[in-house]
Amino acid sequence: MSKAIRNIIWRPSPNFDDRAAGTPIDMLVLHYTGMKTAEAAIERLTDETAKVSAHYLVQEDGQVLALVAEEKRAWHAGVSRWRGADNINARSVGIEIVNPGHEFGYRPFPDVQMEAVTVLATDIVARHAIPAWNVVGHSDVAPNRKEDPGELFEWRELARKGVGLWYRENRHASLHYASLLPGTGGESVIAIQEALNEIGYDVMKNGIYDDALTAVICAFQRHWRPSRVDGNVDAETQAVLYALRDEVRRLT
Ligand SMILES: [Zn+2]
């Protein structure tokens, strides 16, 4: 835990084990708690029988709780994959952000909570030298199962403050693209799958726009084009996708 974060409360969870020797910490995974109350979430994340945890939890008033020491492996990502890796818990720090989530009344993250997440994430990313393209949401690494932290999370603001990946915005870029709808196939779908893959998503490059691809598109939209999350590759979604792919190429 860093001295840069003031007023962290230690609330130990028994739900952790050792990181595999030699595995670097090179990812940051953000979640929302998705429970009716913060208390219920804290209860669960520290309940031995629940077998889930995270390193930190950020309350809606900005209070940060530390649940698991960063050098230990917390259990937050489950079955997940990013940039070809499936040992996400072993290589990441996980932050749970209190919000009831889509099931119990999804609501904006208060400014004071976003500020606390930003300070905490900035510190973690700096200490472990986590690259921008490895700052992800749970839905990015498990798009078929997860929606968190969701489209209300302010990824763009976080990236502006130096944490995570964003793209060079160009409001005319979408003029170059035509919409694609689920059920279509072929070269243009393969191009989309390749771009998603380059960014880090676990996508089959089969040219088939099926439910699996739709789920990944939704995850992509929640993170980088949150104004409409519908799984449809409209022109703007394509423009953002290719701009982001170009940014990954520029940085890697
Ligand atoms: Zn999650």
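Counting starts at 1 for both ligands and their atoms, following the listed order. Worth knowing before you read on, the calculation uses all heavy atoms, side chains too, and leaves out hydrogens, waters and symmetry mates.
- Here the closest heavy-atom approach between residue Val79 and residue Ala142 is recorded as O-CB, 3.7 Å.
- Side chains of Asn206 and Gln193: a donor on one and an acceptor on the other come within 3.5 Å.
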Would you tabulate the side-chain donor-acceptor contacts of residues 96-105 under 3.5 Å, counting partners in other chains and residues two or more places apart, or write 'none'?
from	atom 1	to	atom 2	distance (Å)
Glu96	OE1	Thr33	N	3.4
Asn99	OD1	Gly101	N	2.9
Asn99	ND2	Arg107	O	2.5
His102	ND1	Tyr32	OH	2.6
His102	NE2	Glu151	OE1	3.2
His102	NE2	Glu151	OE2	3.1

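- For the Zn ion (ligand 1), protein N/O/S neighbours under 2.8 Å (waters excluded) are His31 ND1, His138 ND1, Asp148 OD2.
- Counting heavy atoms of neighbouring residues, nucleotides and ligands inside a 6.0 Å radius, atom CD of Glu169 exceeds 12 of them.
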Before you tell me yes or no, could you show the steps for Asp18 and Arg73 under salt bridge (charged side-chain N to carboxylate O under 4.0 Å, His left out), namely the whole-Å CA-CA distance, both residues' side-chain angles and the distance that decides it to 0.1 Å?
CA-CA 6 Å; Asp18 287 329; Arg73 179 171 69 172; over 6 Å; no
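- Applying the 6.0 Å contact sphere to CZ of Arg250 captures more than 12 heavy atoms from other residues, nucleotides or ligands.
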